[in-house]
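See structure below.
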Amino acid sequence: MSRPRQGGRRAGYGVYLIPGVLASLAVIVVPLVMTVGISFTRWPGIGAATWIGFDNYTRLFHDVNFWASFGHILLLIVAMAVIPTLLGLLLAAVLFDYVAKVFKPRWASAFRSGFYLPQVLPVAVTGIVWGWILHPSYGALNRILESAGLSSLTRNWLGDPDYALYSVMAIMIWVQLGYPIVMFMSGLQRIDPELYEAADLDGAGWWQRFRRITVHLIRPEFYVVLVTTTIAALKIFGPIFVLTRGGPSNATLVPSYFAYKNFFEKAQVGYGSAISTVLTVFIVVLAFVFLRLQTRDQEMNR
């Protein structure tokens, strides 16, 4: 008699999932289906859409700007995923193993909060402040270089096609660094201290303990950080919109902003939808690959 009662109780829990399912349908699934459908049309955003089949995709794969935008994304993945993950892992270990022990844990927490602060700042505020810092005329960076006698190094950091993308990359490293530090410090707290004590008794140094124990045991956090930051890099829009608008001369153009330009500036909604669809497929495939690698790694370590 108890089994049907438990089954009915479990079935009753499904009611509480309905609001989330409806919200997901309204916010994610329906817009996604509409975007895919519109990508097969020529539509300026008003009036009737004209069905053109795969013409937008044919045009897309022959568009130099589209491929250039994906090339820029590869560099931004390095700036937003690879470098912050590696630096975050090292800094988290230093804060956890050195600062928290030599000083006090509250100092490690203070540094962690300081590194994470850029994550909670609004994108518009971050972009405006960095725009002031990097301004060619009155920006703080150029003023500091001039004061140090390095006037030859002053640049129009966001206005020069040769330096704009690298300037954005540097800003995004600063923005993203706090997230891996918080995640890795959380992972370090679940490692059994006896493992480090045993390694110390065996004569292992800090680097050996870091490489043999720390890196190995926080692999779940490593995968989570790498997946989320890579996806964030692929769909980056706000910083590009605020800092450079894809310029100068499309030097910082990314797929999301390229889609935005076609949607709202050129009124080519069908073509913009094709760009968004390709970007979405790419993100889903990449996330699936990451998850498969993580699952395989966990199965091998059991």
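In this text the structure is predicted, and so the values were computed from the model without any measurement.
Screening residues 237-257 for ring-ring contact (aromatic ring centres under 6.0 Å, His included), with sequence neighbours left out, gives Phe237-Phe241, Phe237-Tyr257, Phe237-Tyr260, Phe241-Tyr260, Tyr257-Tyr260.
Shown here for Leu60 and Trp67, the closest heavy-atom pair between the two residues is O-NE1, 4.2 Å. Across Ala164 and Pro248, no two heavy atoms sit closer than the pair CB-CD, 3.6 Å. Nearest approach of Thr252 to Val168, heavy atoms of both residues: CG2-CG2, 4.3 Å. Looking at every heavy atom in both residues, Tyr57 comes nearest to Ser39 through OH-OG, 2.6 Å. Shown here for Pro31 and Ile28, the closest heavy-atom pair between the two residues is CD-O, 3.5 Å. Residues Leu141 and Leu134 come closest through the heavy atom pair CD2-CD2, 3.6 Å.
Counted within 6.0 Å of CD on Glu194, heavy atoms from surrounding residues, nucleotides or ligands total 12 or fewer; the atom is thus considered open. Around the CZ atom of Arg59, the shell of radius 6.0 Å holds more than 12 heavy atoms that belong to other residues, nucleotides or ligands. Annotation: Ile46, atom CD1; neighbour count of heavy atoms from other residues, nucleotides and ligands within 6.0 Å does not exceed 12. Environment of CZ in Phe263: crowded, with over 12 heavy atoms of neighbouring residues, nucleotides or ligands closer than 6.0 Å. Surrounding CH2 of Trp51 are more than 12 heavy atoms belonging to other residues, nucleotides or ligands, all under 6.0 Å away.
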Residue pair Arg190, Glu221: steps toward the salt bridge (Lys or Arg N to Asp or Glu O under 4.0 Å) verdict: CA-CA 11 Å; Arg190 63 178 177 79; Glu221 287 80 6; 2.8 Å; yes
Could you go through Val78 and Leu74, starting from their C-alpha distance and side-chain angles, then the distance that decides it, and tell me whether this counts as side-chain contact (heavy atoms from CB on, under 4.5 Å)? CA-CA 7 Å; Val78 173; Leu74 294 178; over 6 Å; no
Donor-acceptor pairs under 3.5 Å, side chain of residues 83-103 to any protein atom, not counting sequence neighbours: which ones?
{"residue": "Thr85", "atom": "OG1", "partner": "Ala81", "partner atom": "O", "Å": "2.4"}
{"residue": "Asp97", "atom": "OD2", "partner": "Trp206", "partner atom": "NE1", "Å": "3.2"}

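Trp174 pairs in a ring-ring contact (aromatic ring centres under 6.0 Å, His included) with only one of the listed residues (Tyr179, Trp130, Phe115), which is Trp130. Between Tyr271 and the choices Asp55, Asp63, Asn56, Asn262, the side chain to side chain donor-acceptor pair (under 3.5 Å) rule is met once, by Asp63.
The shortest distance between side-chain heavy atoms of Ile173 and Met80 does not fall below 4.5 Å. Looking at heavy atoms from C-beta onward, Met169 lies in side-chain contact with Leu76 at the 4.5 angstrom threshold. Under the 4.5 Å side-chain criterion, counting only non-hydrogen atoms from C-beta, Phe290 is not in contact with Ile231. The shortest side-chain heavy-atom distance between Tyr196 and Thr214 falls under the 4.5 Å cut-off. Counting heavy atoms from C-beta outward, Pro239 and Val175 have side chains that stay 4.5 Å or more apart. In this structure, Leu253 and Lys261 have side chains that are in contact, with non-hydrogen atoms separated by less than 4.5 Å. Within the 4.5 Å cutoff, side-chain heavy atoms of Ile236 are placed close to those of Ile73.
Atom-to-atom distance recorded for Arg209:CZ and Asp202:CG is 11.5 Å, nearest 0.5 angstrom. Rounding to the nearest 0.5 angstrom, the gap separating the OG1 atom in Thr228 from the CE atom in Met183 is 6.5 Å. Between atom CG of residue Leu165 and atom NE2 of residue His72 there is a gap of 5.5 Å, rounded to the nearest 0.5 Å. Here the straight-line distance linking atom CG of Leu25 with atom CD1 of Ile18 works out to 11.5 Å at 0.5 Å rounding.
Relative ring orientation between Phe184 and Phe222 is described as parallel, the plane-to-plane angle staying below 30° on a 0-90° scale split at 30° and 60°. Aromatic ring orientation, Trp157 versus Tyr163: perpendicular (interplanar angle above 60°, classes split at 30° and 60°).
Between Phe54 and Phe40, a ring centre-to-centre spacing shorter than 6.0 Å is recorded.
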